[in-house]
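Both counts, for ligands and for their atoms, begin at 1 and track the order of listing.
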Amino acid sequence: MIGSQPRQMIAEASGCCSYLIGSKKELILVDPLNDVERFMRPVQAEGSKIVAVIDTHVHADHVSGSREIQRLTGCPIYMHESSPVKFPFNPLGEKEYSLAGCKVQVLHTPGHAPEHVSLLVEDEAVLAGDTLLVRDVGRVDLGRGDANQLYDSIFGKLLKLPDHVEVLPGHVGKAHFVSGDNSSTIGVERRMNPALQMKSREEFLQYMTEGWPPKPNHYEQYIKVNCGLIVLAEAGL
Ligand SMILES: [Fe+2]
């Protein structure tokens, strides 16, 4: 039984996280990978239906499954209104939506990518994508990032949420050089996340220039595929 509590689905090899949110019958799929059977099978087995897909941002390390899910289900794709994609989508603004029986507050949280959104579900859990990770923050060195914007998104928006709010990240695990748990809370991250201990914007910007893990292979190609600029077969992935 799926309640309004988001269900986390982690891709073992990559540590990429997708989420199902909504009621038992109608679900929103957030950040699906393109092995879409992994999402369709359990949803169909439970007699549920995917009624919307949301991509928190244009991903740079995997092919989004959103368009394939749309092809299979006919559901709309939601992304931030500034998303640079070349296919039709339903634009999200920074406001509250009622989707699949769920209250979803959209927060525009640029930094990792300009169009990045975080999703506050029922005031209880925030799907933070690659803005705030467990004990880390999203990288800004993949060509579309901005550490200044990330500072504003985290300190000006996500850390304004109450301590009890659960943090559900877009990536976990060693593949992303993120250690620790698969989820956290705003309160724990406020106290324990090294990036959030910086005392000023300047300190944060300095922190964000150091210690990057290697860039994902073919990240520019993934961005082009996920923007709809080229098809997967042309990308050489
Ligand atoms: Fe990302």
Exercise for the section: Tell me whether the centres of the aromatic rings in His57 and His112 are closer together than 6.0 Å. Expected result: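 So the answer is yes for these two rings.
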Problem - the Fe ion (ligand 1) reached by His57 (N, O or S, under 2.8 Å) - result: yes
Practice task
Give a yes or no on whether His171 keeps an N, O or S atom under 2.8 Å from the Fe ion (ligand 1).
Solution key: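 Checking the Fe ion (ligand 1) against His171, no N, O or S atom falls under 2.8 Å.
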Practice task
Going by the side chain to side chain donor-acceptor pair (under 3.5 Å) test, name the single residue among Asp31, Asp136, Asp130 that passes it with His171.
Solution key: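 That would be Asp130.
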Practice task
Considering just N/O/S atoms, say which atom of Asp130 is closest to the Fe ion (ligand 1).
Solution key: OD2
Handout entry: Lys/Arg cation over aromatic Tyr19: Arg7, 6.0 Å, 45° cone
Key = no
Practice task
For Glu26, enumerate each residue passing the salt bridge (Lys or Arg N to Asp or Glu O under 4.0 Å) test, keeping only those at least two apart in sequence or located in another chain.
Solution key: none
